[in-house]
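The model shown is predicted, which means the values in this text are computed figures rather than measured ones. Protein chains get the first letters and strands the later ones, always in sequence-line order, with residue 1 at the start of each.
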Amino acid sequence: MAKNLVIVESPAKAKTIESFLGKDYMVKSSFGHIRDLDKNKLSVDIQHDFTPQYEIPREKKKVIEELLAAARKAEIIWLASDEDREGEAIAWHLYEVLGLEESHTRRIVFHEITKKAIQQAIENPRFIDFNLVDAQQARRVLDRLVGYELSPLLWKKVKPALSAGRVQSVAVRLIVEREFEIRNFNPTDYFRVTGLFQLPNKDEKAQLTAELDQRLPTKEATLEFLNHIIGSTYTVINVEKKPGKRSPAAPFTTSTLQQEAARKLGFSVARTMMIAQQLYESGLITYMRTDSVNLSDLALAMAQDEIIKLYGKEYSNTRQYTTRTKGAQEAHEAIRPTSMERHQAGENEAQRKLYELIWKRTMASQMSDALLEKTTITIAISKTNHYHFISRGEVVIFDGFLKVYSESVDEETDEMNAEILPPVSTGDELKEKSITAVQKFTPPPYRYTEASLVKKLEELGIGRPSTYAPIISTIQKREYVEKKDHAGIEKTAHILTLKNGKIKEETKVEKWGAEKGKLTPTDIGILVTQFLMNNFENIMDYQFTARVEKEFDEIAEGKLKWNKMIQRFYWPFHETVVKTQQTQEKVKGERLLGVDPVSGKNVYAKIGRFGAMVQLGESKDPTGQKPRFASLRKNQSIETITLEEALSLFKLPRSVGMYMEKEIIASTGRFGPYLLYNSVFYSLPKDEDPLVIDQEKAIQIIEEKNRKEAAKIIKTFPERPDVVIQNGRYGPYIKIGSENIPIPKKVAPESLDLQQCLELQKKYLESKANPSEMKETPAQKKKSKSKGKK
DNA sequence: CAGTGAGCGAGCTTCCGCTTGACTT
């Protein structure tokens, strides 16, 4: 039996480490945190020093039992959770829950999974750092207090089931504020003048493009300028060559991987993390949730070998990058391939692409700078001294890291793409082919993408690598923000061209401010943000996290008691919660849209218990008449809906026609537009509008769904029409009334008879009633009591 | 899965940060 038990956080890590340590060591995993505050209540004892009340969640009991069994047999327990605040807390919770003794317990840390690092760690054990544990408790308790006091306030003042928190509320604020910047943005226009010149003594194709060194403010000024320079000669007065260089980007962290995978591969943040996890579990890459750009010595050596082998010595430049991210805890290496010799890996296209990206980025980070020659050509205009044409070019002298990888940018810049310039010398006379002035409109700020939001959050030190993807998902699930296309505005741009001494004028219609799939706030998101900004400016402050992080650091250094810090924060905060509760009115976001010409009643748009809605008539009509209500459609918002659109919403539900002597009704419900026929709901596809859909199309949709439903059916029983065997998303199952019973894999679904189906149902219900022999959790006890069992 | 929205009241919703399977229809 192994004398040593090592406990790490991740099972994949456990496997790797076990292979380094030999037979005296057994390595097990805690699967992250093993205890947490009960999520059904505050679980912080406000009156007694904010003592947290931890509980082991049901799904963690099995892990604990296994660890307990292993710990009993081991002489020394090595707590090897990550070297950061959360990891220290995990070590402490393990120590407590497993009932370990100090003399038999060692705390070890490493921030890379290499044999050398593990051995070094084993040789240099310490004990649990209780200050660091306290810093984590402070973090945990603060987040719980903020989240569980603000959320209920929102339920009362805005809408049920909303949420607020230190991280998510600030993420939404970023998106809301960007939206207002865009709304308030006034574009200015200007004219960009570009000259196309013919080189002397060369053939037709030898041309040079150059841009005027100033932008012209108006069409009038541009016309005046062009008229003024008619008949000018153009002379090269300076050719300047300067060496330049470009350096590779640091190896990937979680955040930069998410950004690059979005830009280069079009992956969502969640998809990137899922695929990275698969690569990690296959042992192809190092851990994917990291804020460090550090590479182990082993990785540096591997990269160097590979670069020299593939490209030669001059391409190798071993370097270590330093993390500049605020609050980085650097418990792991950067994300890199586990072996640099593996140029390609992965089981499917997505894995292969992501792996390739990681491999290239890691390689490039250890390669030489690219050397450039930057050329600037200045061209004088004979009829004016105030303006010059400038042409900039760039030649790669030595490609260095560019051989494998170059980082993408979020937004195209307005500058001309630098390219190779034709050879010209000072004094050369250029022949004008055309001078073109194009009207440009300054673009509004860009809305956030998932990845650019992660980047911003990381800059502000808000959120952690393990939470970036969940944050994005939470704020969308709460319907604070949504991914949305924006059509933009059509703008007419003037184009003035000077050619052969004549000025020609044209116009071109272009889209301005159009964006696709960008994070856009909803009505609820805007109202909640405004509500929180008005009452909890402190928590909504972009610096709030940075400020509390500083205090967490003081706790970790032993300079501050954690409950003292929480106390200082909590009481003023709580007072504000109580005051807001008493004084603030319910947020309705009400907007009067106009008067219904038919009834003469007011039409409002506002927030209701089920989201945005329109209302016809007064809530408190003196005549006692009740208003009518209708939900807004997915693409509508309180801020932009018109009276006409609102009135059309009241036309639902409407009768579309008849089918087989039964009526078809079209309407919109909580899950979007639908048809109701024969008391069955049929969701309408995106491009169908319940207001305009006709009988023919409706019948088509009904028949289509009926056909699909029928195709799913494997077997029916005439004597029991409520029992059906059908194919589902997760394989065949038995449907009995509204209950779904999975069919075991070894059983052929078509061979089942009614008797067997009912037996399977019985077995399934029994196994559901007693999931395992494990002890009941408090939550389960409550449930079984209320059902009156036992 | 659904047609709410008044008003009452019970019971519910909720945080952030570690980590993967068990589970779903």
Side-chain angles (χ1 to χ4, degrees), chain A residues 8-13 29-37 39-44 59-60 62-63 81-82 84-90 93 136 139-156 159-169 277 280-281 287 289 329 331 462-468 470-471 474 478 545 588 606-611 613-615 619-621 624 626-631 652-653 665-674 676 679 681 683 712 726-735 738-742 768 771-772 786:
Chain A
V8 295
E9 292 180 38
S10 150
K13 205 192 260 185
S29 152
S30 77
F31 295 83
H33 273 295
I34 53 154
R35 274 207 306 196
D36 192 15
L37 305 173
K39 73 178 176 51
N40 297 311
K41 45 185 211 264
L42 190 65
S43 306
V44 176
E59 65 272 18
K60 276 285 149 68
K62 211 175 143 208
V63 178
S81 44
D82 293 348
D84 58 19
R85 205 160 60 202
E86 299 296 326
E88 203 66 23
I90 290 174
H93 283 301
Q136 192 274 346
R139 199 280 304 155
R140 183 67 192 91
V141 167
L142 178 98
D143 282 338
R144 173 52 70 92
L145 292 172
V146 170
Y148 274 41
E149 292 219 354
L150 285 186
S151 300
L153 193 60
L154 293 180
W155 305 343
K156 287 205 182 70
K159 190 173 116 74
L162 293 177
S163 65
R166 171 176 61 83
V167 172
Q168 59 168 284
S169 297
Q277 174 93 28
Y280 167 68
E281 284 172 9
Y287 196 57
R289 289 185 277 261
Q329 308 200 3
I462 298 172
R464 305 276 312 126
S466 68
T467 61
Y468 294 137
I471 291 164
T474 299
R478 299 269 173 274
T545 290
K588 293 203 176 82
K606 62 196 260 199
I607 297 283
R609 198 145 72 89
F610 300 94
M613 62 172 186
V614 285
Q615 175 181 325
S619 303
K620 284 173 189 148
D621 194 298
K626 281 176 187 170
R628 282 193 65 197
F629 302 97
S631 287
L652 294 175
I665 307 284
S667 191
T668 299
R670 196 151 80 82
F671 302 97
Y674 65 91
L676 181 60
S679 47
F681 291 96
S683 284
K712 278 182 8 193
Q726 51 184 30
N727 263 314
R729 205 151 41 110
Y730 308 100
Y733 67 103
I734 309 164
K735 192 178 164 83
S738 59
E739 211 161 44
N740 298 310
I741 297 112
K768 225 176 149 183
S772 74
S786 65

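For the pair A:F31 and A:A666, both in contact range of DNA chain B, the more 5′-proximal nearest nucleotide belongs to A:A666.
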So which protein N/O to nucleotides 5-9 of chain B N/O distances come out below 3.5 Å?
none

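Within the nucleic acid shown, A:R139 comes within 4.0 Å of at least one base atom, counting heavy atoms only. At a threshold of 4.0 angstrom between heavy atoms, the contacts of A:Q277 are confined to the sugar-phosphate backbone, with no base atom among them. Nucleic acid contact for A:R628: none, since no nucleic acid atom lies under 4.0 Å from a heavy atom of the residue. Residue contacts for A:R35: at a heavy-atom cut-off of 4.0 Å it reaches no nucleic acid atom on any strand shown. At the heavy-atom level, A:L37 lies nowhere under 4.0 Å from the strands shown. A:Q168 comes within 4.0 angstrom of sugar-phosphate atoms only, judged by non-hydrogen atoms across all strands, and of no base. When heavy atoms are screened at a 4.0 angstrom cut-off, A:P627 is found touching no nucleic acid atom at all. Residue-level contact check: A:V146 touches neither bases nor backbone, having no heavy atom under 4.0 Å from any strand.
You won't find any donor-acceptor pair under 3.5 Å spanning the side chain of A:R464 and the base of B:dC16, going by distance alone.
Looking at residues two or more places apart in sequence or on another chain, you find a side-chain contact (heavy atoms from CB on, under 4.5 Å) between A:D36 and A:R140. For A:F31, the side-chain contact (heavy atoms from CB on, under 4.5 Å) criterion is met by A:P11, A:S29, A:K60, A:V63, not counting sequence neighbours. Partners of A:H93 under the ring-ring contact (aromatic ring centres under 6.0 Å, His included) rule, at least two apart in sequence or in another chain, are A:Y54. Residues satisfying the side-chain contact (heavy atoms from CB on, under 4.5 Å) criterion with A:V167, sequence neighbours excluded, are A:I462, A:I471. For A:Y280, the ring-ring contact (aromatic ring centres under 6.0 Å, His included) criterion is met by A:Y287, not counting sequence neighbours.
The side chain of A:S29 places no N or O atom within less than 4.0 Å of a non-bridging phosphate oxygen (OP1 or OP2) of B:dT20.
Checked by atom type and distance alone, the side chain of A:S683 never pairs as donor or acceptor with a backbone atom of A:Y674 at under 3.5 Å.
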